[in-house]
Amino acid sequence: MNPWRRAFLRVGLACCALPLIGCGNGSRFHNLDISGADYGRDFALLDPDGNTRRLSEFRGKVVMVFFGFVQCPDVCPTALQRAAAVRRLLGADGERFQIIFITLDPERDLPGVLREYSAAFDANVIGLYDTLEKTRETADAFRIYFRKVPTSFGYTIDHTATSYVYDPEGRLRLAVTHQSTAELIAADVALLLDPLSTTDKETR
């Protein structure tokens, strides 16, 4: 089976379990509500300038986190293009929406490569990396699956295609599947940015 098809199937199966945390209880979100999830709390990874960045430093913004790799042929560029589209749809509120791209391929995604790749989608995108060991540790903490898959030209990476969305207080709120649209995500982000949102009140 094609490795990307396996990835899509894996994500679909994982997402079937996620609604047990939040969906089906009157959630106003279009994407999977995983409020209260006990994983993906924070990371400590390097940006292309060598600075350690943490999820906690983006308090006050809605943050979307996606794990992937630069040589990804389809899933990763599609996810990042969609995230950039969400930012545009938000208009002025786009300044309060942060996109984080974490590479699963630090052996090839060197700082300069990561910087150029991230900027190609939106100046807002921050690409992060670390050692392969730290990458594995971070992916496990976020329940992100990945593994190398040999190919005729080297290898590709089979990985979870879910994006995570955090509210302005740094709480994990949404799991976004690869099939979701920029319009639906933007609507959910707008809810998270609204301090008077009924959804926010109910989860505090």
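Just so it is clear, the values below take in all heavy atoms, side chains as well, and ignore hydrogens, waters and symmetry mates. In this chain, residues are counted from 1 in sequence order. Here the structure is a predicted model, which is why all the values come from computation and not from measurement.
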Worksheet entry | Between F146 and F69, ring centroids under 6.0 Å | no
Practice prompt. Start with the C-alpha gap between E183 and L89, add the side-chain angles, then the distance that decides, and say whether side-chain contact (heavy atoms from CB on, under 4.5 Å) holds.
Written response: CA-CA 7 Å; E183 290 76 14; L89 287 168; 4.3 Å; yes
Worksheet, complete the sentence: Those residues at least two apart in sequence (or on a different chain) that pass ring pair (Phe, Tyr, Trp, His ring centres under 6.0 Å) with Y129 are none
Worksheet item: Below 4.5 Å, heavy atoms only, C-beta onward: do L192 and V165 meet side chain to side chain?
Response: yes
Discussion item. Is it true that, when you exclude E57 itself, more than 12 heavy atoms of the residues, nucleotides or ligands shown sit nearer than 6.0 Å to its CD?
Written reply: yes
Worksheet item: Yes or no on side-chain contact (heavy atoms from CB on, under 4.5 Å) for I34 and Y164, after CA distance, side-chain angles and deciding distance?
Response: CA-CA 9 Å; I34 56 172; Y164 290 131; 4.2 Å; yes
Practice prompt. Look at the side-chain heavy atoms of Ile, Leu, Val, Met, Phe, Trp and Tyr, link any pair under 4.5 Å apart, and say whether L184 and F29 land in one connected group.
Written response: no
Worksheet item: Just wondering, do R87 and E95 contact through their side chains at under 4.5 Å, heavy atoms?
Response: yes
Item to complete: Show your reasoning for whether side-chain contact (heavy atoms from CB on, under 4.5 Å) applies to F66 and V75.
Response: CA-CA 11 Å; F66 180 76; V75 174; 4.2 Å; yes
Worksheet item: Do R82 and F121 meet the cation-pi criteria used here (NZ or CZ under 6.0 Å from the six-membered ring centre, within 45° of the axis)?
Response: no
Worksheet item: Would L128 and L132 show up in the same hydrophobic cluster when neighbours are defined by side-chain heavy atoms closer than 4.5 Å?
Response: no
Discussion item. Regarding R115 and D49, does a basic nitrogen lie under 4.0 Å from an acidic carboxylate oxygen?
Written reply: yes
Fill in: Distance (rounded to the nearest 0.5 Å) between D194 CG and D167 CG
12.5 Å
Discussion item. To the nearest 0.5 Å, what is the distance between CD on Q71 and OG1 on T151?
Written reply: 9.0 Å
Worksheet entry | Side chain proximity check, R108 to V70, heavy atoms < 4.5 angstrom | no
Worksheet entry | Residue pair M64 / A83: nearest heavy atoms and the distance that separates them | SD-CB, 3.8 Å
Discussion item. I want to check something: taking the side chain as every heavy atom from C-beta on, are T135 and T103 in contact at a cut-off of under 4.5 Å?
Written reply: no
Practice prompt. Indicate yes or no: at least one non-hydrogen side-chain atom of Y166 is less than 4.5 angstrom from one of L55.
Written response: yes
Practice prompt. Would you mind reporting whether L46 and T52 have side-chain heavy atoms less than 4.5 Å apart?
Written response: yes
Worksheet item: What about Y155 and L104, same hydrophobic cluster or not, with Ile/Leu/Val/Met/Phe/Trp/Tyr joined at side-chain heavy-atom distances under 4.5 Å?
Response: yes
Worksheet item: What about the rings of F67 and F142, do their centers lie closer together than 6.0 Å?
Response: yes
Fill in: Smallest separation among heavy atoms of P168 and V62, with atom names
CD-CG2, 3.9 Å
Discussion item. If you define the side chain from C-beta out and look only at heavy atoms, does anything of V149 sit under 4.5 Å from R147?
Written reply: yes
Item to complete: Run through V63, D47, L45 and flag the one making a side-chain contact (heavy atoms from CB on, under 4.5 Å) with I100.
Response: V63
Fill in: Check ion pair R143-D38 (N to O, under 4.0 angstrom)
yes
Discussion item. With heavy-atom distances below 4.5 Å as the criterion, would you say the side chains of L172 and S35 are in contact?
Written reply: no
Worksheet item: Considering all heavy atoms of both residues, which atom of G68 and which atom of C76 are nearest to each other, and what is their separation?
Response: CA-SG, 3.5 Å
